[in-house]
2 protein chains.
Amino acid sequence: MPLPHPLPDEIVDLIARRFRAIGEPMRIKILDRLRTGEATVADLTLGLGAGQQNVSKHLGVLADAGIVGRRREGNKVFYAIVDESVLSICETVCGTVEQQLRELHRLLAPTAQR
Amino acid sequence: MPLPHPLPDEIVDLIARRFRAIGEPMRIKILDRLRTGEATVADLTLGLGAGQQNVSKHLGVLADAGIVGRRREGNKVFYAIVDESVLSICETVCGTVEQQLRELHRLLAPTAQR
DNA sequence: ATATTCTACAACTGTTCGGTTGTTTAGTAT
DNA sequence: ATACTAAACAACCGAACAGTTGTAGAATAT
């Protein structure tokens with residue numbers, strides 16, 4: 001909490017960068033997969049139905065943001081979530097999204113209400 | 001937490017959209033300002049040193065995402081944070097960013113260590 | 001009514017960024 | 001050494017987006 005209130009631009013940029021690192025569908029899927037434990041690029045490529053280069057690129061973004069870390073073992077590179085705080089953040093957002101979805105269904109399904 | 005684990009694409013998109021709504025410097029500044037209470041577009045324009053149209057546009061994005069809400073009073077439109085969860089999220093991220101900054105300073109200031 | 005103030009909308013521009021393709025590096029096996 | 005696998009790097013293309021400019025709508029004042 002010792003952050004100054006009129007946040008300096010540097011800090012603001014860092015925060016924005018962090019949010020944008022997470023705010024991409026493929027990267028969210030990667031994080032969702034990594035929640036169950038570390039995985040190699042090949043694992044993620046198969047599980048997500050994306051190209052290897054694409055997955056590798058997104059992993060690079062997440063690694064640069066300090067959210068995931070690499071561990072080399074022989075031929076393969078294992079990725080794992082390093083910053084555990086993203087999990088709690090995602091849970092919070094998921095909760096809000098759930099609530100929004102419920103509202104949407106309530107609004108978009110008037111047939112069941114009349 | 002009743003969200004299915006292999007998250008469906010729709011949900012993933014919603015989550016990503018939400019993160020991207022926050023992941024922009026100007027919008028973070030707006031939210032930081034709104035933390036102290038509601039404000040008009042003119043207030044924000046003055047306080048943030050940005051154009052009125054620009055501020056209004058960003059407020060529109062935040063409103064579409066359901067993060068802020070409007071309240072009209074005569075000539076002016078007051079904006080306020082509606083989704084309180086973004087505050088806790090921002091605090092978490094700020095904490096992580098702080099930690100990163102401390103690490104950076106430790107790494108980039110070796111003169112004081114030798 | 002007209003003028004003024006505050007806000008939102010529309011069109012344009014430059015940049016950013018995601019995805020694909022092709023290539024390259026690192027490690028292992030034969 | 002060559003051959004093979006795994007992962008990363010580089011270049012391109014197209015879509016999305018932030019910021020500016022100009023304008024339009026809504027409320028108040030004269």
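These numbers come from the heavy atoms of this one structure, side chains and all, not from hydrogens, waters or symmetry mates. Throughout, protein chains are lettered first and strands after them, A, B, ... in sequence-line order, and every chain is numbered starting at 1. Predicted model, so just to flag it, every value in this text is computed and none were measured.
- Taking atom NE2 of A:H58 as the reference point, atom C1' of D:dA8 lies 14 Å away to the nearest angstrom.
- No contact: A:F78 has no heavy atom under 4.0 Å from any strand.
- Of the candidate nucleotides C:dA8, D:dT20, D:dA8, D:dA8 has the atom lying nearest to any side-chain atom of A:V41.
- Results of the side-chain contact (heavy atoms from CB on, under 4.5 Å) test with B:P25 over A:D9, A:D13, A:I15 single out A:D13 as the only residue that passes.
- Between A:T92 and B:S85 the shortest heavy-atom distance is CG2-CB, 3.8 Å.
- Nearest-nucleotide positions on DNA chain C place B:L59 closer to the 5' end than the other of B:L59 and A:K57.
- Rounded to the nearest 0.5 angstrom, A:R27 CZ and A:L34 CG are separated by 13.5 Å.
- When the P atom of D:dA24 is taken as reference, atom CD of B:Q53 falls 14 Å away, rounded to whole Å.
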| task | Could you walk me through whether A:E84 and A:S88 pass side chain to side chain contact (heavy atoms under 4.5 Å, CB included), step by step? | result | CA-CA 7 Å; A:E84 302 286 342; A:S88 65; over 6 Å; no

| task | Would you sort out whether A:F19 and B:R20 count as a side chain to side chain contact (heavy atoms under 4.5 Å, CB included), showing the intermediate values? | result | CA-CA 7 Å; A:F19 275 107; B:R20 297 214 331 230; over 6 Å; no

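- B:L46 has its CG atom 13 Å from the C1' atom of C:dT5, to the nearest Å.
- With a 4.5 Å cut-off on side-chain heavy atoms, B:L31 and B:I22 count as touching.
- Within the 4.0 Å cut-off from OP1 or OP2 of C:dA8, at least one side-chain nitrogen or oxygen of B:S56 is found.
- No continuous path of ILVMFWY side-chain contacts below 4.5 Å connects B:L46 to B:I28, so the two sit in separate hydrophobic clusters.
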| message | Is there a side chain to side chain contact (heavy atoms under 4.5 Å, CB included) between A:E103 and A:R106? Walk through the geometry before answering. | response | CA-CA 5 Å; A:E103 250 175 71; A:R106 196 169 50 79; 3.8 Å; yes

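- In this structure, A:T40 and A:V77 have side chains that are not in contact, with every pair of non-hydrogen atoms separated by 4.5 Å or more.
- No cation-pi contact links B:R70 to B:Y79, judged by a cut-off of 6.0 Å to the six-membered ring centre and 45° from its axis.
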Could you list, one pair per line, each protein nitrogen or oxygen that sits under 3.5 Å from a nitrogen or oxygen of nucleotides 24-28 of chain C, together with the distance?
none

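- Interface residues of residues 18-37 of chain A facing DNA chain C, ordered by number: A:R20, A:E24, A:R27; criterion, heavy-atom separation under 4.0 Å.
- Summarising the geometry, the separation between CG on A:D64 and P on C:dG18 is reported as 12 Å, rounded to the nearest angstrom.
- OP1 or OP2 of C:dA8 lies within a sub-4.0 Å distance of a side-chain N or O belonging to B:Y79.
- When rounded to the nearest whole Å, the span between CZ of B:R70 and C1' of D:dA27 equals 16 Å.
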| For A:K29 and B:L7, what are the C-alpha separation, side-chain angles and deciding distance, and is it a side chain to side chain contact (heavy atoms under 4.5 Å, CB included)? | CA-CA 7 Å; A:K29 290 184 185 178; B:L7 295 170; over 6 Å; no

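- Of the listed residues (A:R71, A:R33, A:K76), just one forms a salt bridge (Lys or Arg N to Asp or Glu O under 4.0 Å) with A:E38, and that residue is A:R71.
- The CG-C1' distance, from A:L48 to C:dG19, rounds to 15 Å in whole Å.
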| message | Only Watson-Crick and G-U wobble pairs with both distances less than 3.5 Å should count. Give DNA chain C in dot-bracket notation, marking inter-strand partners with |. | response | ||||||||||||||||||||||||||||||

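- The CG-P distance, from A:L62 to D:dA8, rounds to 12 Å in whole Å.
- Atom P of nucleotide D:dA7 and atom NZ of A:K76 are separated by 7 Å, given to the nearest angstrom.
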